[in-house]
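Here is the structure we will look at, set down as structure tokens.
Chain A is the first sequence line, chain B the second, and so forth, proteins listed ahead of strands; every chain is numbered from 1. Treat the numbers as computed from the prediction; the structure is a model and nothing was measured.
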Amino acid sequence: MTLRLHNTLTGTKDVFEPLDDSHVRMYTCGPTVWNFAHIGNLRAFLFYDLLRRHLQVAGFRVTHVMNITDIDDRILDQAMHAGTTIAEYTKPYAEAFLADMKTLRAQPAEQYPRATEHIEEMIRMISTLLERGNAYVADGDVYFRIASFPRYGELSHLDREGLRAGVRVARGGRGQKGSARPAHGGEAPPIRQDRYDKESVSDFALWKKSQPVDEEIGAAWDAPFGKGRPGWHIECSAMSKRYLGDTLDIHAGGVDLMFPHHENEIAQSEAANHRQFSRFWLHSEHLADATGEKMSKSAGGFTTLRDLLAAGHDPIAIRFFLIANAHYRSRVRLSDEALHAAGEQVRRLQDFARRLQQPVAPKDGGRLAERVAEVRHAYREALDDDLNLPQGMGHVFDLLREANAALDSGGVGEAAARELLLLMADVDAHVDVVTARDMALAGEVEQLIAQREAARKARDFATADRIRDELRARGIALEDSKEGVRWRRIAKV
RNA sequence: GGCGACGUAGCCAAGUGGUAAGGCAGAGGUCUGCAAAACCUCCAUCCCCAGUUCGAUUCUGGGCGUCGCCUCCA
């Protein structure tokens, strides 16, 4: 089977092979911890999770590095405002990010390097760029000289002439976005402007000269070119080199990072290392809010994982929605209805897996085992085709219906059951929601079920229904079936 | 203004040059003490117009609409 991934660099789905036979080096852009991650951020992070999981399924060993940006203009402004250091200010948000990832069952990356812990590496790279003439100092700041890197713009296919025109042109007819109010953390901080004493307006900062306050909040470092702090882009170039070497197999991020962030990373890294920076570039699409517009941390209201959990959504359903509802390269809109649908799909998967635990029929009826093998193959092919999990799940649910029907009529024997369990394991290797639930049976629940069964046998349905209602009020639903009583957790009414 | 993406049933969504997966919601039914679950049945001609083709939702052109990027952004 051949894995194909959509490579922004070429604009096509390319066959993926790592540089080393079986080892994939992957760098993904992580959060800037100036606030809680919102669901749109988390969509991108779960896309990375899906990617790394499928690379593993495809037989590769994966070294995955995801940065945590703990220095940035917004962080500086917020820390200053709060009268604390950037380290103190970012700590809870960095912790919240890791906690959110755990809640959403993302496999941890091998490394989560923080920008402030890799200043030395950044200084070294900036020094190299200065030596080579790819960077210059202007009034204590250091800028990358885009004119020294002719390939600039190749990733995002932006016209250099257009860029040189410089200023962002007002978009016709669209409303002002900046007026919306953030749902968390008060007003979005004002953005510091780069000073424009650079050779070209599109040159970007590698290093920014300290201002007096920067030292007070722990955001100033000594460097050969003057005391200051790193620009935004250099951290990824420096940290990916430190942990993964000069050439990455995969670099991923949200589409909004394509330009300028990734373009700038390429310029820095390739100018400094004289090697291709990343062989594959993968970009995930945005999550839109209820109005259909991109959810954005600084532009307007946004929804955090905490908000959704507080509203009663199951983290497992949220995970499933974010990775399986739509393909990673298509826009998706957050809605209660879609979240509920995802929850129902998860429930179906879990219920089905549960049924498989029960004793099977003496022998298979029909050609179910064959069908399951077909579906396993189709599922794998969908994932190999640029991680098309939504399509893969379509095949799976199709089969679920057939298999449930076979189960109803006692037509699932050992061979089919074994194959079905393999399929569920295939699926769970990506979605990781099937066996995710808390399987621990409270003894008390079991006892109540036994009492109810006794009452039912005695045809005392009033008592039986009372017990069932009590459990339901506690968030446990009972289902009577031929194989006995099943129970599952549901949302409390 | 430049570059780009998208527009598939009430909602979400996959997809193909040969008459459209899957999920949610809804309707009817089987099963059941009742209920739930499961299963069965029903529910779209793919934004509009023109063209290419034996045949287009899928290709080309135009239009309308929505959205993204153009140095805060996953």
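Between A:Arg329 atom CZ and B:rG68 atom C1' there is a gap of 15 Å when expressed in whole angstrom units. For the pair A:Leu322 CG and B:rA13 C1', the interatomic distance rounds to 15 Å; values are reported in whole Å. With rounding to whole Å, A:Ile323 atom CD1 is found 16 Å from B:rC12 atom C1'. Rounded to whole angstrom, the span from the OH atom of A:Tyr328 across to the P atom of B:rG68 amounts to 21 Å. In this structure, A:Phe320 places its CZ atom 17 Å from P of B:rC12, rounding to the nearest Å. Rounded to whole Å, atom C1' of B:rC70 lies 17 Å from atom NE2 of A:His261.
Within the shown strands, B:rU60 is the pairing partner of B:rA50 under the Watson-Crick or G-U definition, both distances less than 3.5 Å. B:rU16 is unpaired under the criterion used here, namely a Watson-Crick or G-U wobble arrangement in which both key atom distances are under 3.5 Å. Using the Watson-Crick or G-U wobble rule with both distances under 3.5 Å, B:rG1 pairs with B:rC70. When both pairing distances are held under 3.5 Å, B:rA9 makes no Watson-Crick or G-U pair with any nucleotide shown. Look at B:rG28: its Watson-Crick or wobble partner, with both distances under 3.5 angstrom, is B:rC40. The partner of B:rC34, taking Watson-Crick or G-U wobble pairs whose two distances both stay under 3.5 Å, does not exist in any strand shown.
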Short heteroatom pairs, N/O only, protein and nucleotides 63-66 of chain B, under 3.5 Å:
none

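Residue-level contact check: A:Leu42 touches neither bases nor backbone, having no heavy atom under 4.0 Å from any strand. Residue-level contact check: A:His286 touches the bases, meaning some heavy atom is under 4.0 Å from a base atom. Backbone-only contact: A:Ser330 has heavy atoms under 4.0 Å from sugar-phosphate atoms and none from a base. Using a 4.0 Å heavy-atom cutoff across all strands shown, A:Gly394 reaches at least one base atom of the nucleic acid. Note on A:Glu337: a base of the nucleic acid sits closer than 4.0 angstrom, heavy atoms only. Among the protein residues, A:Phe321 comes within range of no part of the nucleic acid, since none of its heavy atoms lies under 4.0 Å from any strand. Backbone-only engagement by A:Gly30 is indicated by non-hydrogen atom pairs under 4.0 Å involving sugar-phosphate atoms exclusively.
If you check residues 379-391 of chain A against RNA chain B, the residues with a heavy atom closer than 4.0 Å are A:Asn388, A:Pro390, A:Gln391, listed by number.
No donor-acceptor contact under 3.5 Å links the side chain of A:Asp398 to the base of B:rG23.
Of the side-chain N and O atoms in A:Lys294, one or more sit less than 4.0 angstrom from OP1 or OP2 of B:rC69.
A ring-centre distance under 6.0 Å is found for A:His251 and A:Phe277. Aromatic pair A:Phe97/A:Phe45: ring centres closer than 6.0 Å.
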Practice item. Scan nucleotides 35-46 of chain B nucleotide by nucleotide, 5' to 3', and note B when protein non-hydrogen atoms come under 4.0 Å of the base, S if they reach only the sugar-phosphate, - if neither. Key: BBSSSS------
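A:Tyr152 and A:Phe259 have perpendicular rings, their planes meeting at more than 60° on a 0 to 90° scale where under 30° would count as parallel.
With sequence neighbours excluded, the residues satisfying side chain to side chain contact (heavy atoms under 4.5 Å, CB included) with A:Ala455 are A:Asp460, A:Thr463, A:Ala464. Every side-chain hydrogen bond (donor to acceptor under 3.5 Å, both in side chains) that A:Tyr136 has, sequence neighbours left out, goes to A:Asp203.
Comparing B:rC67, B:rU71, B:rC12 against the side chain of A:Asn325 picks out B:rC12 as the nearest. The listed nucleotides are B:rA25, B:rG23, B:rC11; the one nearest the side chain of A:His340 is B:rA25.
Both A:Asp256 and A:Ala326 lie near RNA chain B, and the one whose nearest nucleotide falls closer to the 5' end is A:Ala326. In terms of position along RNA chain B, the nucleotide closest to A:His327 lies nearer the 5' end than the nucleotide closest to the other residue of the pair A:Ala464 and A:His327.
When atom types are taken as modelled, the side chain of A:Arg43 and the backbone of A:His286 share a donor-acceptor pair closer than 3.5 angstrom.
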Side chains of residues 402-412 of chain A: which donor-acceptor pairs under 3.5 Å do they make with residues two or more places apart or in other chains?
unit_1: A:Glu402; atom_1: OE1; unit_2: A:Arg371; atom_2: NE; d: 2.9
unit_1: A:Glu402; atom_1: OE2; unit_2: A:Arg371; atom_2: NH2; d: 2.7
unit_1: A:Asn404; atom_1: OD1; unit_2: A:Arg355; atom_2: NH1; d: 2.8
unit_1: A:Asn404; atom_1: ND2; unit_2: A:Leu400; atom_2: O; d: 3.3
unit_1: A:Asp408; atom_1: OD1; unit_2: A:Arg355; atom_2: NH1; d: 3.3
unit_1: A:Asp408; atom_1: OD1; unit_2: A:Arg355; atom_2: NH2; d: 2.8
unit_1: A:Ser409; atom_1: OG; unit_2: A:Ala405; atom_2: O; d: 3.2
unit_1: A:Ser409; atom_1: OG; unit_2: A:Ala406; atom_2: O; d: 3.3

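Look at A:Phe461 and the base of B:rG33; the rings stack, centres closer than 5.5 Å and planes less than 30° apart.
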